[in-house]
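Just the heavy atoms: all of them, side chains too, but no hydrogens, waters or symmetry mates, feed the values below.
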Amino acid sequence: MTDFFRMEYEEEAPDFWREETAVGVVEIILILVVLISLVLIFKKQLTALVKGIFARINSGAADIY
């Protein structure tokens with residue numbers, strides 16, 4: 001019986017190591033974790049930057065109208 005299980009494992013093991021379907025999912029999750037961490041770390045700076053950009057847009061729009 002043990003020879004049967006060993007042969008079956010040896011046949012399927014290379015397929016397991018060559019299969020890379022989950023690698024893309026793991027990479028996407030890691031990238032999202034890094035991006036969310038950066039946003040949380042630099043939240044105040046990003047908020048100030050966006051507010052400054054919108055203030056310039058509004059003042060420029062006021063000049064047009």
Side-chain angles (χ1 to χ4, degrees):
M1 276 300 226
T2 58
D3 291 333
F4 173 73
F5 290 122
R6 187 176 58 188
M7 286 177 28
E8 186 175 323
Y9 173 76
E10 289 174 354
E11 290 175 0
E12 292 181 13
D15 292 337
F16 174 76
W17 292 111
R18 279 185 261 160
E19 188 174 331
E20 298 178 2
T21 55
V23 173
V25 174
V26 172
E27 290 172 351
I28 290 172
I29 290 172
L30 288 175
I31 290 170
L32 286 174
V33 167
V34 169
L35 288 176
I36 290 171
S37 300
L38 289 173
V39 167
L40 291 175
I41 291 170
F42 297 109
K43 183 179 178 181
K44 289 182 182 179
Q45 291 89 345
L46 289 172
T47 304
L49 177 68
V50 171
K51 284 183 179 180
I53 291 171
F54 279 116
R56 288 182 194 165
I57 291 172
N58 287 335
S59 67
D63 293 340
I64 294 173
Y65 293 110

TODO: Go through the structure and list residues passing side chain to side chain contact (heavy atoms under 4.5 Å, CB included) with Ile28, not counting sequence neighbours.
DONE: Leu32

Task: same_hphob_cluster(Ile57, Leu49) at 4.5 Å side-chain heavy-atom cutoff - done: yes

Task: All side chain to side chain contact (heavy atoms under 4.5 Å, CB included) counterparts of Ile41, not counting sequence neighbours - done: none

- [ ] Specify the closest pair of heavy atoms between Val39 and Leu46, including all atoms of both residues, with the distance to one decimal.
- [x] CA-CD1, 4.2 Å

Task: side chain to side chain contact (heavy atoms under 4.5 Å, CB included) partner of Ser37, chosen from Val33, Val34, Leu40 - done: Val33

